[in-house]
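The next block holds one structure in the form of structure tokens; read it before the comments.
Worth knowing before you read on, the calculation uses all heavy atoms, side chains too, and leaves out hydrogens, waters and symmetry mates. A, B, ... follow the sequence lines: proteins, then strands. Residue 1 opens every chain. Keep in mind the model is a prediction, meaning the values are calculated, not measured.
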Amino acid sequence: MEPKVSLNFVEEIVEKDLESGKHASIHTRFPPEPNGFLHIGHASSLCLNFGLKTKYNGKCNLRFDDTNPSTEETRYVEAIKKDIEWLGFEWDNEFYASDYFDQLYDWAVVLIKKGLAYVDDSTAEEIAEQKGTPTKPGTGNEYRNRSIEENLDLFKKMKDGVFDNGAKVLRAKIDMAAPNMLMRDPLIYRIKKEKHHRTGDKWNIYPMYDFAHGQSDSIENITHSICTLEFENHRPLYNWFIEKLGIFPSRQIEFARRNLSHTVMSKRKLLQLVNEGHVSGWDDPRMPTISGYRRRGYTANSIKNFANDIGIARRENIIDVSRLEFSARQDLNKVSTRVMAVLDPLKVVITNYPKGEMEWVELENNPEDERKTAHRMPFSGELYIEKADFMKDPPKKFFRLGPGRMSRLKAGYIIRCDGFEEDENGNVTQLNCTYFPESKSGQDTSGLKAKGVLHWVSIEHAKTAEVRLYDRLFADENPLGHEGKDFKEFINPDSLKVIEKAYIEPYLTNAIEGQHFQFLRMGYFTLDPDTTEDNLVFNRTVTLRDSWAKAKGK
RNA sequence: UGACCCAUGGUGUAAUUGGUAACACAGCAGUUUUUGGUUCUGCCAUUCUAGGUUCAAGUCCUAGUGGGUCAACCA
């Protein structure tokens with residue numbers, strides 16, 4: 001049976017264009033500006049553009065939209081490429097808008113010669129003033145009537161560096177009274193005597209987005225140029241340039257940017273979080289960046305599945321982070337190795353276990369894996385379990401240890417709590433238990449039934465590690481949704497909790513970066529690059545679903 | 001007092017393009033389980049409002065309401 005999958009609105013357009021013969025094949029592009037790191041919103045664009053390429057056997061370029069030298073850097077280019085590769089996308093060509101600066105300049109000259117562009121000496125303030133408002137038409141100025149010759153001369157001088165920054169701009173001559181403000185003689189070139197990360201000092205003028213993006217699309221014969229909704233009002237201008245220049249008619253298609261709850265997504269705001277030290281960097285595991293998620297332990301598949309599952313449309317949206325977390329758990333459940341680690345230790349002494357003895361028990365690596373492999377871990381008479389797994393006076397629904405109660409130690413034995421010790425404040429410091437030798441995991445003949453199953457480590461054999469627990473960066477679901485309040489007011493002060501000394505089974509000392517683990521009953525974890533020879537650092541990617549915590553909260 | 005766009009369960013996306021609301025997440029209740037994980041099952045919407053066209057409207061038309069984008073020498 002063919003699974004019936006409906007097309008999204010972009011695929012519908014593509015299929016129509018292919019069927020009608022408008023295009024023999026399609027060509028898309030992913031066009032980041034190298035002024036920051038890629039975030040999860042970009043994953044949607046990536047999946048869309050590269051997904052179209054794969055599905056319709058077309059091509060997809062990677063094009064850096066580098067027309068503003070003041071914000072762009074080579075390190076961002078490198079980071080962006082690394083993220084795309086990590087996600088597993090392969091671009092057909094790597095291009096830069098700056099590759100086209102000469103062509104763009106020539107096209108600007110063409111517009112001037114056609115009387116469709118002019119040099120304006122007004123200040124930014126004057127231009128804004130003359131532009132009018134959405135409800136008030138703009139007015140022209142005397143520069144609008146400059147002769148073609150004068151414009152040609154002035155524009156060349158702008159290029160040659162005769163004028164200072166801001167002294168002059170080149171504008172398209174369209175309609176100062178247009179209802180669409182973007183058509184009110186938009187700026188297409190500005191003077192910027194700045195070093196460009198690729199062209200160096202060659203240029204004194206740089207094209208604006210509107211005079212670079214669509215033109216780059218045309219140069220590359222992009223058939224479907226997909227961007228976000230905020231460029232919708234630019235489309236008439238996009239088409240105007242294509243028409244006036246008579247170049248390849250790429251088609252711009254807009255979709256709604258994906259928003260995630262409990263975070264912010266714009267590069268500008270993410271940059272603020274980085275610069276003001278609210279996070280450790282673009283790849284801080286709490287950041288919604290691709291590199292942040294990678295460091296946190298998300299798999300490339302979980303991110304792509306998420307992007308594909310939420311789909312695309314043209315309406316505003318805020319996607320619940322739990323949808324992303326579901327994606328992470330779904331993939332991690334299949335690929336992560338089960339290990340034991342105790343984050344908040346409580347000592348357990350097994351009083352009837354032979355003093356000084358130990359034995360190896362086998363822990364299944366992954367119950368979801370057909371291969372049924374396992375690794376060994378040491379068991380002994382003195383263990384750590386999680387503090388939360390014991391209660392002095394447990395309610396009936398509590399399936400773990402309490403005075404007189406039994407639990408199974410995962411992969412080990414069933415134990416019974418005979419008593420506990422506490423300090424002067426009533427804090428439990430030690431459990432005294434007996435174990436049942438005939439209840440050993442896999443060869444249990446005891447006939448005993450224990451409802452709870454606990455994770456543990458042998459005190460003598462355990463290693464230690466630093467463990468970082470993350471929570472959502474913003475306490476509020478929509479930090480941007482409060483008028484008059486800065487989004488940073490909603491930063492969650494408890495978004496990072498560090499456990500300096502967690503106890504881990506020795507097997508974990510072999511962990512390598514990029515490997516995924518499930519700390520049994522605690523969540524999914526991965527090694528952080530901060531790890532050194534004598535200090536292992538683990539990041540919690542996401543917790544396990546915890547229906548007990550929910551039940552308890554009621 | 002403008003132009004353009006959008007409106008389907010708590011959330012996201014669908015609906016053979018006019019044929020009687022689907023899938024997933026979240027939530028709730030069970031099931032399975034040597035992870036309170038996993039699995040499996042059940043429950044959870046008269047499609048913003050009001051008119052209209054039609055045998056038939058979430059899909060088309062009109063009006064209204066609500067929301068978004070645009071007045072950067074950013075992209």
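- If you check every strand for non-hydrogen atoms under 4.0 Å, Thr133(A) touches a base.
- Glycosidic conformation at U17(B) (O4'-C1'-N9-C4 for purines, O4'-C1'-N1-C2 for pyrimidines): syn, within 90° of 0.
- Using a 4.0 Å heavy-atom distance criterion, Thr67(A) is classed as a sugar-phosphate-only contact.
- Residue contacts for Gly442(A): at a heavy-atom cut-off of 4.0 Å it reaches a base atom on one of the strands shown.
- At the phosphate of G27(B), OP1 or OP2 sits under 4.0 Å from a side-chain N or O atom of Lys550(A).
- Note on Met208(A): only backbone sugar-phosphate atoms sit closer than 4.0 angstrom, heavy atoms only; bases stay farther off.
- Among the atoms of the strands shown, base atoms are found under 4.0 Å from some heavy atom of Phe398(A).
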Under 3.5 Å for both distances, Watson-Crick or G-U wobble, that's the pair rule; now give the dot-bracket for RNA chain B, with | marking pairs to another strand and [ ] for crossing ones. .((((((..((((.....[..)))).((((.........))))....(((((..]....))))))))))).....
Sugar-phosphate atoms are those with a prime plus P, OP1 and OP2; base atoms are the rest. Using that split, label each nucleotide of nucleotides 2-12 of chain B B, S or - for protein heavy atoms under 4.0 Å, 5' to 3'. BSBSSSB--SS
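- Comparing U34(B), U35(B), A72(B) by their nearest atom to the side chain of Pro367(A) picks out U35(B).
- At the heavy-atom level, Ser122(A) lies under 4.0 Å from base atoms of the strands shown.
- Residue contacts for Ala256(A): at a heavy-atom cut-off of 4.0 Å it reaches no nucleic acid atom on any strand shown.
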Can you build the contact string for nucleotides 39-46 of chain B? Use B for base contact, S for sugar-phosphate-only contact, and - for no protein heavy atom under 4.0 Å. --------
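- Looking at heavy-atom distances under 4.0 Å, Phe399(A) makes contact with a base.
- In this structure a side-chain-to-backbone donor-acceptor pair under 3.5 Å is present from His196(A) to Asp66(A).
- Listed pair Ser6(A) / U16(B) fails the phosphate criterion, with no side-chain N or O lying under 4.0 Å from OP1 or OP2.
- The cationic atom of Lys168(A) (NZ for Lys, CZ for Arg) lies less than 6.0 Å from the six-membered ring centre of Phe163(A) and within 45° of the ring axis.
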